[in-house]
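Note sheet for the following structure.
Sequential numbering from 1 along the given sequence is applied to the chain's residues. The basis for the numbers below is simple: all heavy atoms, side chains too, and nothing from hydrogens, waters or symmetry mates. Order of appearance sets the numbers: ligands from 1, and atoms from 1 within every ligand.
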Amino acid sequence: MWNILGHETAINYLQKHSQPGNTRHAYLITGPGGVGRETLALAFVKALNCQNPPSEGQFCDRCLACRQINELRYPDLMILRINEGSKDLKIDQIREMQQTLSLAPYQSNYRIVLIPNFQNATIGASNALLKSLEEPPSRALLILTADAKESLLETISSRCEVLRLRPSSIQELERYLVEEKTIENQLAKRLAHLAAGRVGRALTLYENPGELEAYDEALDDLAQLLQSNLRGRLQYIEKRQAKKTASREKFVFLVATWLSFWRDVMITRENARVPIVNLKQSDLVREIAALIDSNQVETILKLHEQSLGQLDVNVNPRLVIENLLLQLPVTR
Ligand SMILES: [Zn+2]
């Protein structure tokens with residue numbers, strides 16, 4: 001048992017590929033962030049290297065190799081991430097990694113490199129990686145993850161075994177959180193909705209209650225702002241801006257959270273058979289959905305997406321939020 005929620009097809013596939021003679025040089029695991037791409041990649045690495053596998057394609061999770069992999073300190077596994085403070089994976093990082101990849105492994109059959117979120121590689125870094133895919137060193141194993149196959153160069157994805165992961169259903173995730181993680185029912189339900197079926201996202205939220213609180217706070221703010229006049233809204237921005245902890249990331253979080261709320265309003269308005277994300281605020285969602293029409297919601301959604309785009313290219317956060325708030329309807 002790999003003890004992973006969902007992804008049966010991908011698990012079966014990787015279990016077969018962990019057997020001698022079946023392993024390829026490159027894998028690409030795609031799916032939305034938090035769906036479990038890295039967990040699956042690491043399970044594959046364990047299945048490849050477990051010293052005491054209970055049966056074919058399985059791992060024990062207890063031997064030295066399994067433990068070292070769990071703790072991300074297995075000598076033949078390198079995880080290549082974007083440097084802190086940087087937005088993309090750079091060509092120098094790929095070149096350096098290629099040096100490592102060409103060395104013989106210490107103890108494994110493979111020298112393994114995992115590169116999460118390869119959609120964030122620069123075009124230079126992508127082209128540099130191609131070399132490792134076209135002429136892989138004999139005992140090299142590359143595992144990439146990305147949001148979608150389409151966000152990588154076709155020349156890269158076509159040289160990988162591609163596995164596509166989808167989120168679980170909300171109910172499936174909820175049950176998993178209750179049964180396997182012994183999370184209390186109400187909270188499990190809320191986490192499953194907030195994570196939209198992505199198990200990794202749900203567990204991250206669970207482990208960081210501060211993030212859940214920040215969510216609630218952002219939506220409480222929105223509820224108040226919708227009832228405020230322009231002066232009240234400008235005051236709000238001033239207060240946020242003056243906070244010691246104010247940062248671009250905080251504003252991005254704020255807008256992204258509000259965006260999730262407006263999506264819920266849209267879903268509710270259209271009676272779409274899609275679960276809403278902000279279960280705890282469902283009353284407010286219904287209330288607002290009854291007050292405004294579809295065109296308005298659509299405009300508001302676009303406005304939030306534009307704002308996120310502007311924050312991404314370093315437009316002054318204050319101007320972005322100001323512009324956003326002044327265009328929201330007053331629902332008093
Ligand atoms: Zn093991």
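The main-chain N or O of Ser228 is found under 3.5 Å from a side-chain atom of Arg233 such that the two form a donor-acceptor pair.
Gln327 and Asn323 are linked by a side-chain donor-acceptor pair at a separation below 3.5 angstrom, with hydrogens and angles left out of the test. Looking only at atom types and distance, the side chain of Arg37 has a donor-acceptor partner in the side chain of Asn117 under 3.5 Å away. For Ser108 and Asn49, the side-chain atoms include at least one donor-acceptor pair closer than 3.5 Å.
Of the residues listed (Leu254, Leu303, Ile237, Ile300), the one engaging Leu324 in a side chain to side chain contact (heavy atoms under 4.5 Å, CB included) is Leu303, and it is the only one.
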>> One pair to check against salt bridge (Lys or Arg N to Asp or Glu O under 4.0 Å): Arg139 and Asp76. What are the steps and the verdict?
In response: CA-CA 11 Å; Arg139 293 165 78 185; Asp76 290 313; over 6 Å; no
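Listed by chain and number, Cys50 SG, Cys60 SG, Cys63 SG, Cys66 SG are the protein N/O/S atoms closer than 2.8 Å to the Zn ion (ligand 1), with waters left out.
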